[in-house]
There are 4 protein chains.
Amino acid sequence: MSGVNKVILVGHLGKDPEVRHLEGGATVVNFTLATTETYTRDGRKVEQTEWHNVVMWRGLAEIAAKYLQKGKLVYVEGKLRTRSYDDRDGNKRYVTEIVADNFNMLGRKSDNENGTNQSTASQNPSKPEDQMIGMNDNTEDDLPF
Amino acid sequence: MSGVNKVILVGHLGKDPEVRHLEGGATVVNFTLATTETYTRDGRKVEQTEWHNVVMWRGLAEIAAKYLQKGKLVYVEGKLRTRSYDDRDGNKRYVTEIVADNFNMLGRKSDNENGTNQSTASQNPSKPEDQMIGMNDNTEDDLPF
Amino acid sequence: MSGVNKVILVGHLGKDPEVRHLEGGATVVNFTLATTETYTRDGRKVEQTEWHNVVMWRGLAEIAAKYLQKGKLVYVEGKLRTRSYDDRDGNKRYVTEIVADNFNMLGRKSDNENGTNQSTASQNPSKPEDQMIGMNDNTEDDLPF
Amino acid sequence: MSGVNKVILVGHLGKDPEVRHLEGGATVVNFTLATTETYTRDGRKVEQTEWHNVVMWRGLAEIAAKYLQKGKLVYVEGKLRTRSYDDRDGNKRYVTEIVADNFNMLGRKSDNENGTNQSTASQNPSKPEDQMIGMNDNTEDDLPF
DNA sequence: TTTT
DNA sequence: TTTT
């Protein structure tokens, strides 16, 4: 019951977000995010990149579709979810994704040339003390995965 | 513009939450939370406790008022906010608080004897993909501090 | 280059840690951790449990081996790492793990009946301002996975 | 005993780090960091900036002194510490600081014109599995605050 | 497979 | 002022 499942990433998008509009009307976005760690080993500088599968839903997905592109530096907050699917050979496979509930574009404005200074987004976009959100489409059950 | 301001605490409440109902109808809750770090110095075990001022608003405050008590172990997530006030001598003073947007009771059920198994709460209590919240009273501007 | 890859979990161990001592002398520990989220959907309370694969190395692994058991409530901090391996059919498979660099036992002492009050551990166990650690065995390259 | 006290910030330095070398040989660095939140209220876009006091010690302080300057975008991870001091009138005052144990320069390389691509630092700078650090000067006790 |  |  007691549970905390939180992921915090800062990295660059490996590709443009892939946008899907589901039957129920919900928008889903997927992209990969690279986080690179630099450390020194035996005097040599080593870079190690980790790739993450990020998923965003609904309102957050729409903002992501509009403002995120390949190469952008972004802060992502979310939770881990491992889901299974059947591969082409009928074998059960697993993927772990980060289901984001918040993101934030980093870097200079000039990097984010989409003409707005929109740079923060969340499932809960208004000020916390001031929220009035109602996005509920219950279509998740219908998802093909 | 780009900004992340996040605090994550796990600790015990130093006192029962202090509940206030504001004119506009909003509920605010304040309590102190102790996080204790144990480390070894010169072979001796040393405990160092840090006290945090936690604030919760509206729906979250109401859940906190109902379920949190002195001594309880709790996970709190929020953001830092430093606000100023005038002390009795008219001098400007500053306090830093954690404005929580989420909490989670930890520990065993028997510790949480309030008769329910409610143990998670957030400004956004439903499932993220399923949210339908509307708590907006805009009273914050009227607050006496 | 710029990278942050951080995971924060609070959950219960699904099994006792599995301890391995590698040829080079390093200790590795693996366990699963359940984080359970409770939310309300259509008026019904729903529990959703996510299982995480946690890995700990060296000094941290040794402390984990000593103090963690199935069922314990624990705070884990670490980073995501997805690694590939070949399954019995020679197909490339992927697993995502949390490589912990810190953990903290939660819950009451009586739950942690191992006779000590050791409850915090990290790759960096002393006080940060006071550290003097040297665990370096460089055996990781020799690991069989 | 059980305690987690973690702060994660992404923001811009409000001034160059202020570097002090203590008698015992330790380096300390202080700077302010601004995190800005943008939200919409009554249809107007509102920006709210929070200022944080960041402190770094020893090795981390030295790297910060070398690479951080006013205006830089940085990720900072640390813990909260509230300390008291006596003001000029002999009154006890409190400040809350973030004692960093990790930082990471964000933004494009060209923004970080110091000639290196050093962009990550921690109290524990090597790869976790590969660490061999020994910075211990025990001078903290001698600090004037 | 955990926990409440 | 909490907790172990």
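Convention: sequence-line order gives letters A, B, ...; per-chain numbering from 1.
- Atom CD of C/E50 and atom P of E/dT1 are 16 Å apart (whole Å).
- D/D86 pairs by the side chain to side chain contact (heavy atoms under 4.5 Å, CB included) definition with D/K92, not counting sequence neighbours.
- Residue B/N53 contributes atom CG, which lies 16 Å from atom P of F/dT2 at whole-angstrom precision.
- One interatomic measurement links the two molecules: CG of B/L13 to P of F/dT4, which rounds to 14 Å at whole-angstrom precision.
- For the atom pair D/E50 CD and B/T82 OG1, the distance stands at 5.0 Å (nearest 0.5 Å).
- Of the candidate nucleotides E/dT3, F/dT2, E/dT1, E/dT3 has the atom nearest to the side chain of C/H12.
- Ring stacking holds between B/W51 and F/dT1, with the centres under 5.5 Å apart and the planes within 30 degrees of each other.
- Closest to the side chain of C/K15, out of E/dT1, F/dT1, F/dT3, is E/dT1.
- Counting any heavy atom pair closer than 4.0 Å across all strands shown, B/G11 reaches no nucleic acid atom.
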Step by step, work out the salt bridge (Lys or Arg N to Asp or Glu O under 4.0 Å) result for B/E37 and D/K79. CA-CA 11 Å; B/E37 188 184 1; D/K79 63 180 172 206; 3.2 Å; yes
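- Atom CE of B/M105 and atom P of E/dT4 are 13 Å apart (whole Å).
- Closest to the side chain of C/E47, from the set E/dT4, E/dT2, E/dT1, is E/dT4.
- A salt bridge is defined here as a Lys NZ or Arg NE, NH1 or NH2 lying under 4.0 Å from an Asp or Glu carboxylate O, and D/K6 with D/E77 meets this definition.
- The distance between atom OH of D/Y94 and atom C1' of F/dT1, rounded to the nearest whole Å, is 13 Å.
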